[in-house]
Amino acid sequence: MRVDVVSIFPDYLAPLGLSLVGKAAASGVLDVRVHHLRDFTHDKHRSVDDTPVGGGAGMVMRPEPWDEALRTVAPEGARLIVPTPAGRPFTQALAAELAAEPRLVFACGRYEGIDQRVVDSARERMPVDEVSIGDYVLAGGEVAVLVMVEAVARLLPGVLGNPDSLVEESHVDGLLEYPVYTKPAVWESREVPPVLLSGHHANIVRWRRDESLRRTARNRPDLLDRLPASSFDDRDLSI
Ligand SMILES: COC(=O)COc1cccc(COC(=O)c2cn[nH]c2)c1
């Protein structure tokens, strides 16, 4: 997979060279390229923003540099992702969908945002997703890109040491993951739940499912509404 990122703060994307994503890049599974938006300006001050039409506080990113950057960086066949508080939610399902794409381009907005005509124009050339990583406002899209690239990269074949860990994790089966424990069996007088030491695989599976349901009911009751009724059969969900 090739990933291009356009930003006025390209150094913000340096962490993509580290750890998991860095290894994926080194192994050739992922090819990440970061571009400076100002390289697509032609005025003396390399300006990328201007005052908002219609008034209002702050500045808006000008269409010309973005249009040139995206036409240069994102030829046919790429999918454009624009992080924005006004976007559709970024979910594990969307991460899995993006992991199947050959090319992704991320546009990092700053200030009050990018002139909307850039997005409208790009939609005529390629698929465009305006995506939110959460209901809060950041100073720019760069951090959201780090989040999304990591969530996507870890799904790529060969990136995770143990791909089995992708099966039982939060949001894969619609539930939150059960609590996990390691040695020692007793730590600071706190025992690991005995069922996990019992060696009864079926009991362990059931306990973990119950804990997932309990944790989901406590932290994310909204997720329970989406589950098929069969998910609950005879379970007691007392939290
Ligand atoms: C058309 O899209 C745009 O103009 C995007 O413009 C901006 C402006 C300010 C900040 C951001 C970064 O995204 C978030 O804050 C964000 C994403 N998820 N949750 C919060 C993006």
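Remember, it's 1-based here, ligands and their atoms both numbered in the order they're listed. Please read these numbers as outputs of a predicted model, since none were measured by experiment.
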Any N or O of [X] that comes nearer than 3.5 Å to an N or O of ligand 1?
{"X": "Val131", "value": "no"}
{"X": "Leu138", "value": "yes"}
{"X": "Ile133", "value": "yes"}
{"X": "Gly134", "value": "yes"}

Within the 4.5 Å heavy-atom criterion, are Val119 and Ile114 side-chain neighbours or not?
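Counting from C-beta outward, Val119 and Ile114 never come under 4.5 Å.
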
Phe106 side chain near Leu13 side chain, heavy-atom distance below 4.5 Å:
no

Report yes or no: does His36 contribute a side-chain atom to a donor-acceptor pair with the main-chain N or O of Arg38 at less than 3.5 Å?
yes

Checking Ser132 side chain against Gly134 main chain: does a donor-acceptor pair fall under 3.5 Å?
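A pair under 3.5 Å: yes.
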
Please list the nearest protein heavy atom to [atom] with its residue and the distance rounded to 0.1 Å.
{"atom": "atom 9 (C) of ligand 1", "answer": "Tyr111 O, 3.5 Å"}
{"atom": "atom 14 (C) of ligand 1", "answer": "Pro85 CD, 3.5 Å"}
{"atom": "atom 20 (C) of ligand 1", "answer": "Tyr136 O, 2.9 Å"}

Look at [atom] and find which of [options] reaches it with the closest heavy atom.
{"atom": "atom 5 (C) of ligand 1", "options": "Gly141, Pro83, Ser132", "answer": "Pro83"}
{"atom": "atom 6 (O) of ligand 1", "options": "Gly113, Gly87, Gly58, Ala107", "answer": "Gly113"}
{"atom": "atom 4 (O) of ligand 1", "options": "Val60, Ile114, Val119, Val137", "answer": "Ile114"}

Are Arg214 and Glu211 close enough, and set up right, to give a salt bridge (Lys or Arg N to Asp or Glu O under 4.0 Å), and what steps lead you there?
CA-CA 5 Å; Arg214 202 164 284 127; Glu211 285 303 306; 2.7 Å; yes

Between [X] and ligand 1, which residue portion shows a heavy-atom distance shorter than 4.0 Å: side chain, backbone, both, or neither?
{"X": "Val82", "value": "side chain"}
{"X": "Glu130", "value": "side chain"}
{"X": "Phe90", "value": "neither"}

If two hydrophobic side chains count as joined below 4.5 Å and joins carry through other members, does Leu176 share a cluster with Leu94?
no

Any Lys/Arg nitrogen of Glu188 or Arg190 sitting under 4.0 Å from an Asp/Glu carboxylate oxygen of the other?
no

Under 4.0 Å between a side-chain nitrogen and a carboxylate oxygen: does that hold for Glu142 and Arg110?
yes

Just wondering, more than 12 heavy atoms not from Tyr12 lying within 6.0 Å of its OH?
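Not buried by this count: 12 neighbours or fewer within 6.0 Å.
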
